[in-house]
Amino acid sequence: MAGVNSNQVYLLGPDQSTTVGALYVAPKGTTKPTDARTALSGTWASGGYISESGITLNISRSNTSIKDWGLNNVRVATTDFGCTITGEFLQLDEAAAKNLVGTANVSKTAASSTHGEQLTISIGPELPPEQAFCINMKDGNRRGRICAPNAQVTEVGSPTFVPSAGNVWPFTISCYDDGTGHSVYVYFDDGATTA
């Protein structure tokens with residue numbers, strides 16, 4: 001029996017080696033990455049800065065038992081399946097705001113001699129468009145990556161405005177079938193290279 005391989009015990013935090021955040025977005029249909037380490041193409045852009053709560057991948061599957069005449073279980077059928085990604089934007093910049101409510105509902109005015117940079121977010125019932133999301137993570141030389149090629153922000157939680165804590169904006173990204181029967185790809189690289 002094999003023992004624990006500590007290289008495969010991941011303590012993943014954000015990989016911020018190239019941008020201010022580990023969350024990236026790209027237009028729906030952008031070629032998805034195929035591993036945890038290869039740099040993303042220039043099509044991917046920073047999507048916002050995540051709070052200390054990190055990212056949670058939620059996988060839901062409902063099953064029903066198929067029984068024979070004697071009430072014995074003979075098969076199990078999946079009746080519902082879905083994946084979501086949840087987190088909180090800590091820094092509400094233009095990129096994060098556009099992910100939350102859509103590009104058409106965000107406007108930015110540059111700083112001037114009379115005011116700082118201004119951001120206006122128009123909140124209504126419409127959902128932002130579908131796009132691709134990618135989250136890059138690292139632990140020393142280990143890498144992790146979550147990619148949802150066809151997804152959209154479908155829920156925005158209740159932001160809080162208090163002087164004793166960061167103003168966070170909770171979000172839920174709903175992940176859809178990308179045409180292959182899959183909605184999310186999770187990649188790991190344990191960082192243990194060979195000579």
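Everything quoted here is computed from the prediction, not taken from an experiment.
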Shortest non-hydrogen separation from [X] to [Y] and the atoms involved:
{"X": "Ala151", "Y": "Cys175", "answer": "CB-CA, 4.0 Å"}
{"X": "Thr43", "Y": "Pro27", "answer": "CG2-CD, 3.8 Å"}
{"X": "Pro128", "Y": "Gly102", "answer": "CB-N, 3.5 Å"}
{"X": "Pro33", "Y": "Arg145", "answer": "CB-NH1, 3.4 Å"}
{"X": "Ala95", "Y": "Gly48", "answer": "CB-N, 4.4 Å"}
{"X": "Gly47", "Y": "Phe89", "answer": "O-CE2, 3.4 Å"}

Test item: [X] side-chain N/O and [Y] main-chain N/O as donor-acceptor pair under 3.5 Å:
{"X": "Asp190", "Y": "Gln8", "result": "no"}
{"X": "Arg142", "Y": "Asn7", "result": "yes"}
{"X": "Thr79", "Y": "Ser62", "result": "yes"}
{"X": "Asp35", "Y": "Thr38", "result": "yes"}
{"X": "Ser51", "Y": "Leu90", "result": "no"}
{"X": "Asn167", "Y": "Thr160", "result": "yes"}

Are [Y] and [X] connected in a single hydrophobic cluster, I mean Ile/Leu/Val/Met/Phe/Trp/Tyr linked by side-chain heavy atoms less than 4.5 Å apart?
{"X": "Ile55", "Y": "Leu11", "result": "no"}
{"X": "Ile59", "Y": "Phe171", "result": "yes"}
{"X": "Tyr187", "Y": "Val25", "result": "no"}
{"X": "Phe81", "Y": "Val76", "result": "no"}
{"X": "Leu23", "Y": "Tyr10", "result": "yes"}

From CA spacing to verdict: side-chain contact (heavy atoms from CB on, under 4.5 Å), Arg37, Asn141 | CA-CA 10 Å; Arg37 192 173 295 273; Asn141 196 37; 3.4 Å; yes

Can you tell me how far apart [atom1] ([X]) and [atom2] ([Y]) are? Round to the nearest 0.5 Å.
{"X": "Asp80", "Y": "Thr64", "atom1": "CG", "atom2": "OG1", "result": "12.0 Å"}
{"X": "Tyr176", "Y": "Gln152", "atom1": "OH", "atom2": "CD", "result": "3.5 Å"}
{"X": "Asp93", "Y": "Tyr49", "atom1": "CG", "atom2": "OH", "result": "11.0 Å"}
{"X": "Lys28", "Y": "Gln131", "atom1": "NZ", "atom2": "CD", "result": "11.0 Å"}
{"X": "Tyr24", "Y": "Thr30", "atom1": "OH", "atom2": "OG1", "result": "14.5 Å"}
{"X": "Glu130", "Y": "Thr154", "atom1": "CD", "atom2": "OG1", "result": "10.5 Å"}

Check whether any side-chain heavy atom of [X] sits under 4.5 Å from a side-chain heavy atom of [Y], and report yes or no.
{"X": "Ser122", "Y": "Val101", "answer": "no"}
{"X": "Lys98", "Y": "Val153", "answer": "no"}
{"X": "Pro170", "Y": "Glu88", "answer": "yes"}
{"X": "Leu119", "Y": "Val106", "answer": "yes"}
{"X": "Leu100", "Y": "Leu92", "answer": "yes"}
{"X": "Ile50", "Y": "Pro14", "answer": "no"}
{"X": "Leu57", "Y": "Ile135", "answer": "no"}
{"X": "Thr84", "Y": "Glu155", "answer": "no"}

Trace of the side-chain contact (heavy atoms from CB on, under 4.5 Å) decision for Leu40 with Cys134 = CA-CA 9 Å; Leu40 296 173; Cys134 191; 4.0 Å; yes

Do you see a donor-acceptor pair shorter than 3.5 Å between the side chains of Asn63 and Thr78?
-> yes

Thr180 side chain to Asp178 side chain, donor-acceptor N/O pair below 3.5 angstrom | yes

